[in-house]
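Note sheet for the following structure.
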Amino acid sequence: MTFFLEVLIGGLLSGVLYALVALGFVLIFKASGVFNFAQGAMVFFAALTFVGFTEVLPGWTGLEPGSGGVFWLAFALALASMIVLGIATEKVVLRPLVNQPPITLFMATIGLTFFVEGLAQAIWGANARGLSLGISDEPVMWILDDFDIIISKFDLIAAGIALVLFVVLALLFQYTRVGRALRAVADDHQAALSVGIPLKHIWAIVWGVAGFVALIAGLIWGSRNGVQFALTFTALKALPVLILGGFTSVPGAIIGGLIIGASEKLAEIYIGPFVGGGIESWFPYVLAMFFLLVRPEGLFGEKHIDRV
Amino acid sequence: MMMNDMAQEAVAAGGGRKIGEVILDLQNISLRFGGVKALTDISFDVRKHEIRAIIGPNGAGKSSMLNVINGVYHPQEGRIVFHGEERKEMEPYMAASQGIARTFQNIALFKGMSVLDNIMTGRHMKMNAGLLSHMLYFGRAQKEEIEHRKKVEEVIDFLEIQSIRKTPVGRLPYGLQKRVELARALAADPDLLLLDEPMAGMNVEEKQDMCRFILDVNDQFGTTIVLIEHDMGVVMDISDRVVVLDYGKKIGDGTPDEVKSNPEVIAAYLGTSH
Amino acid sequence: MLYREAGQFKASYQEDAQIFPIRQDRVGFIALLAFFFVVVPMIANQYWLQAILTPVLIFSLAALGLNILTGYAGQLSLGSAAFMAVGAFATYNFMLRIDGIPFLVAVVLGGLCAAGVGILFGLPSLRIKGFYLAVATLAAQFFIVWVLVKFPWFSNYSSSGVITAQEINILGFAFNTPETKYLLTLLVVTVLALAAKNMVRSTTGRKWMAVRDMDVAAEVIGIRLMRTKLQAFAVSSFYCGVAGALYAYTYLGTVEPEGFNLDLSFKILFMIIIGGVGSILGSFLGAAFIVLLPVFLNIFLHSFVGAALPPGFGSNLELMIFGGLIIFFLIVEPHGMARLWQIGKEKLRLWPFPH
Ligand SMILES: Nc1ncnc2c1ncn2[C@@H]1O[C@H](COP(=O)(O)OP(=O)(O)OP(=O)(O)O)[C@@H](O)[C@H]1O
Ligand SMILES: [Mg+2]
């Protein structure tokens with residue numbers, strides 16, 4: 001039983017990370033109707049850029065390697081890079097394609113994925129690197145003592161950070177002018193335009209925010225598994241998350257992430273041994289596929305009948 | 001020459017304006033989308049060879065009615081009897097195979113294809129060659145292709161669109177696209193033709209052409225037609241009987257003259273722009 | 001010879017519906033075939049035959065498969081490489097387990113296995129479209145590769161699923177040189193490309209395109225969506241499967257499941273985007289482009305920039321160029337190189353009077 005709980009909790013915690021990547025997808029999809037396949041590549045780009053800056057900054061500035069100054073400066077520079085990348089994408093890729101069918105935009109973001117991955121590695125090199133946030137990856141002692149369950153401190157803090165991020169974003173959308181405008185845009189592009197909401201600004205802001213979310217996800221993930229190309233594959237698992245949760249729902253992204261995270265870990269432990277293991281690589285996708293067969297509109301979506 | 005052939009066929013098939021027995025009977029149809037009641041308890045029938053118009057203000061449920069007839073929407077309640085058979089669990093392709101064809105309010109042509117291919121697609125149900133035969137493009141596949149091309153050319157002549165055969169439909173002006181859509185529907189040799197606002201957005205001359213085509217189809221091939229149209233003049237001119245819908249309910253049914261003098265209909269139309 | 005159609009009148013619908021209605025195109029096509037069947041094997045060296053022409057042909061076939069599904073039937077797939085893997089491994093097993101089975105029969109059976117698997121993974125397309133479907137095809141991509149790795153039976157218990165293609169022998173003639181392998185590949189690809197062209201100009205293709213362009217309207221004129229979509233999945237996967245078999249037998253000789261990864265699927269997708277979505281010719285142009293680009297890029301980098309580059313820079317530059325080109329083509333010419341070629345031809349047709 002404790003073992004089951006450990007697996008479940010571990011899965012849920014990694015699900016938080018999927019949810020974090022999925023959140024970036026949802027933000028962009030809501031605001032601009034673009035299914036941004038490159039969100040995973042953006043996570044990779046963010047993590048690599050951050051690590052890259054922590055490596056070069058001491059040489060440039062004379063700051064102590066590994067010091068807080070380097071960390072925050074690298075964070076600021078990586079964030080700035082993400083915002084520039086987001087805005088550039090919006091301007092160069094999406095604006096010229098604005099009235100194209102969604103599938104064209106989707107393919108464009110696949111192109112973007114390759115471009116961003118290539119760019120990140122061309123600038124910072126392709127070798128895998130470690131990333132330390134200074135949080136140790138050890139069991140939380142009091143939980144181990146009281147409940148006999150091993151839960152990593154790192155995972156807990158990571159989940160906490162993600163939670164804060166979700167809450168902050170939710171509050172921003174609910175209570176700020178930009179947030180309200182964004183929700184209006186998500187409901188109806190044409191209507192939003194006609195009441196004078198500057199769509200282009202909104203899009204730029206959203207891509208910036210998505211870049212920020214990607215950076216947070218990249219940092220947490222990078223420090224868990226190292227910063228390497230494989231990160232982009234892990235990030236791909238945000239896609240089945242979206243299928244479960246729906247493309248437009250933030251709570252959906254969170255719940256979908258948790259379901260995918262927990263179920264793939266449980267499946268790996270309890271089904272994996274019978275079929276040779278390694279089923280984590282496909283389990284989320286197959287789960288999503290069956291889910292689609294049963295409920296094509298997603299967990300929270302409404303059934304939709306095409307109008308003719 | 002070809003027109004004559006077709007006309008003769010039509011006469012042989014019982015053409016001419018002889019209105020016959022009921023071929024489509026709609027009984028107590030109700031359709032909802034979530035909370036929206038698109039149609040409430042609607043009953044009416046359509047007789048062979050007639051032109052039956054459906055009119056009503058925007059959002060009255062006219063398009064939904066057509067969608068129910070050819071199986072795109074599934075009403076929650078009601079019975080549909082076509083050719084004497086009650087239909088259950090209707091899918092659009094089944095309606096097509098029973099001889100129902102239609103055009104759409106918002107043009108629904110196959111944009112990536114030429115006019116000719118669009119119309120040829122309309123005939124696909126009469127073509128039986130299999131995949132392998134198509135791969136080889138030999139024997140049956142080729143024979144069918146040529147045979148049906150002839151039929152399609154007749155439709156093209158009939159609707160006077162010879163000069164745009166090979167044009168991708170996306171490049172055509174709106175009025176011509178509507179005509180190609182009609183051609184695609186006609187290519188299937190339908191018994192029942194559903195037209196959703198075939199003249200919307202056309203200028204007077206185009207409207208006249210379209211009216212002529214509709215009347216000719218009805219007259220020469222004996223095709224039964226259900227027509228949605230906002231232009232009252234047109235409706236009164238060409239239809240045999242009219243159904244009036246308002247907010248998903250039927251408020252009038254009868255000959256154009258009867259409908260015109262129906263107080264409920266007049267009330268529904270007062271204050272609307274039609 | 002001038003490129004003109006003046007004076008060529010179509011006297012029958014049969015003539016009008018030919019693959020190449022213009023005589024010059026017909027002649028050109030035959031000349032092209034003659035060139036690739038006769039001249040190329042005589043003049044090309046081993047490197048070109050083995051490392052360039054054969055893979056270009058094989059990728060063209062895979063791209064053709066994806067184009068049937070995505071370009072003609074409008075169903076996006078990110079799993080083409082997995083269907084290639086099914087074709088390769090199935091062919092291998094037919095060769096291995098059925099004594100004396102003719103190679104081409106094994107290839108066709110391999111393709112049919114891929115078609116079956118394609119139908120299975122095409123089932124979600126009945127309920128979902130667009131990127132939802134794309135995600136479902138990712139399931140095929142990851143699942144199939146995993147199965148081939150984890151169940152050693154498929155690779156006859158070799159380590160990590162590597163298979164080594166048996167020798168190809170057709171009617172007593174061994175296809176074991178780059179020339180013969182190239183010719184065999186060319187033959188198979190030519191036949192299947194012509195078959196594809198025939199399909200797309202007949203009712204089969206029109207139904208696919210109807211479903212692609214407007215599915216509701218297609219259904220209303222009596223097209224059965226389910227059957228049509230699954231048929232597209234089957235045919236497409238058959239083409240990919242045969243391409244996979246050739247990939248193993250006439251190109252690489254040894255393959256492993258991991259070789260048919262997501263990257264390869266993306267490459268095939270890029271081929272059709274750059275070559276031309278919904279174009280047979282485009283599949284060939286795109287495949288040639290994607291195979292040749294890295295080759296030329298390498299030559300260019302080595303001779304002009306040389307050793308000054310960090311290791312791996314070339315492959316990253318490649319990623320960027322691929323990605324950039326995809327975006328460029330989608331923005332500037334969504335119909336790809338095939339459309340550019342067509343526009344060129346139209347211009348020539350009217351030349352020297354441009355209007
Ligand atoms: N697929 C659908 N999903 C949800 N609601 C629908 C759908 N189709 C129609 N409706 C609703 O049903 C009602 C009737 O619509 P319908 O299109 O049938 O009207 P109409 O009489 O054709 O109007 P118009 O003259 O504008 O074409 C409307 O309130 C519409 O919003
Ligand atoms: Mg309507």
Side-chain angles (χ1 to χ4, degrees), chain B residues 66-67 70-72 91-98 100-104 107-113 116-118 120-138 141-150 152-153 165-166 169-170 181 184-185 187-188 190 194, chain C residues 10 12-19 21 68 71-74 108 115 191-228 230-232 234-235 238-239 276-279 334-335 339 342:
Chain B
L66 288 200
N67 285 330
N70 74 340
V72 178
E91 290 301 326
Y93 74 87
M94 298 176 186
S97 67
Q98 292 178 355
I100 303 179
R102 77 174 279 187
T103 65
F104 296 86
I107 296 170
L109 284 169
F110 307 129
K111 288 221 174 49
M113 298 158 74
L116 182 62
D117 278 338
N118 266 276
M120 282 294 275
T121 313
R123 258 200 105 65
H124 82 96
M125 280 199 304
K126 317 244 180 229
M127 301 167 83
N128 308 313
L131 182 65
L132 277 180
S133 172
H134 285 155
M135 276 187 170
L136 301 173
Y137 207 81
F138 194 71
Q142 195 177 23
K143 215 177 104 225
E144 269 187 1
E145 193 79 9
I146 289 160
E147 191 184 304
H148 290 277
R149 172 75 186 271
K150 281 190 198 129
V152 164
E153 288 291 341
R165 258 192 212 98
K166 297 279 172 85
V169 288
E181 216 189 354
R184 183 179 69 189
L194 314 174
Chain C
K10 311 287 180 307
S12 71
Y13 295 137
Q14 185 170 352
E15 274 178 35
D16 194 40
Q18 291 174 97
I19 296 187
I68 285 172
Y72 287 98
V108 170
V191 168
L192 284 179
L194 285 173
K197 183 73 201 176
N198 284 339
M199 277 187 285
V200 301
R201 68 190 176 122
S202 62
T203 314
T204 298
R206 284 193 293 262
K207 283 190 200 169
W208 289 340
M209 291 185 269
V211 169
R212 170 195 71 190
D213 286 347
M214 182 69 74
D215 52 0
V216 182
E219 216 182 354
V220 161
I221 61 170
I223 292 172
R224 305 181 65 159
L225 295 186
M226 173 160 102
R227 205 185 270 177
T228 309
L230 290 185
Q231 185 193 49
V235 174
F238 177 83
Y239 275 68
V277 175
S279 156
H335 292 96
R339 173 59 60 87
Q342 206 186 348

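Letters A, B, ... are given to chains in the order of the sequence lines, protein chains preceding strands, and every chain is numbered from 1.
Rounding to the nearest 0.5 Å gives a distance of 10.5 Å between CE of C:M199 and NE2 of B:H134.
Neither the backbone nor the side chain of C:A196 comes within less than 4.5 Å of any heavy atom in chain B. Using a 4.5 Å cut-off between heavy atoms, B:M120 touches chain C through backbone and side chain atoms alike. Contacts of C:V211 with chain B are absent, with no heavy-atom separation under 4.5 Å from either backbone or side chain. For B:Q142, the part sitting under 4.5 Å from any heavy atom of chain C is the side chain, from C-beta outward, and nothing else. Heavy atoms of B:I146 lying under 4.5 Å from chain C belong to its backbone as well as its side chain. For B:T121, the parts lying under 4.5 angstrom from a heavy atom of chain C are both the backbone and the side chain. At a 4.5 Å heavy-atom cutoff, B:E144 makes no contact with chain C through either its backbone or its side chain. Neither the backbone nor the side chain of B:L132 comes within contact range of chain C; no heavy atoms are under 4.5 Å apart. For B:I107, the part lying near chain C is the backbone, with the side chain staying farther off; criterion is any non-hydrogen pair under 4.5 Å.
Chain B forms more heavy-atom pairs under 4.5 Å with one residue of C:Q231, C:K197, C:E219 than with any other, namely C:E219. Counting heavy-atom pairs under 4.5 Å between each of B:E181, B:K166, B:M125, B:E145 and chain C puts B:E145 at the top.
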Q: Evaluate the salt bridge (charged side-chain N to carboxylate O under 4.0 Å, His left out) criterion for residues C:R206 and B:D117: first the C-alpha distance (whole Å), next the side-chain angles of each, then the deciding distance (0.1 Å), finally the verdict.
A: CA-CA 7 Å; C:R206 284 193 293 262; B:D117 278 338; 3.7 Å; yes
Q: Kindly determine whether B:L109 and C:M214 satisfy side chain to side chain contact (heavy atoms under 4.5 Å, CB included), including the steps that lead there.
A: CA-CA 7 Å; B:L109 284 169; C:M214 182 69 74; over 6 Å; no
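When each of B:H148, B:R123, B:M127, B:K126 is paired with C:T203, the side chain to side chain contact (heavy atoms under 4.5 Å, CB included) condition holds for B:M127 and for no other.
Counting heavy-atom neighbours within 6.0 Å of B:M94 CE, excluding the residue itself, gives a total above 12.
C:V220 is not listed as a side-chain neighbour of B:I100, based on a closest heavy-atom distance of 4.5 Å or more.
Contact record, B:G112 with C:D213: N-OD2, 2.8 Å, taken as the closest heavy-atom pair. Between B:Y137 and C:S202, the shortest heavy-atom contact is CE1-CB, 4.1 Å. Of all heavy-atom pairs between B:R184 and C:I221, the closest is NE-CG2, 4.1 Å. The shortest heavy-atom contact between C:A217 and B:A108 is CB-O, 3.4 Å.
Taking the centre and axis of the six-membered ring of B:F110, the NZ or CZ atom of C:R212 falls outside the cone set by 45° and 6.0 Å.
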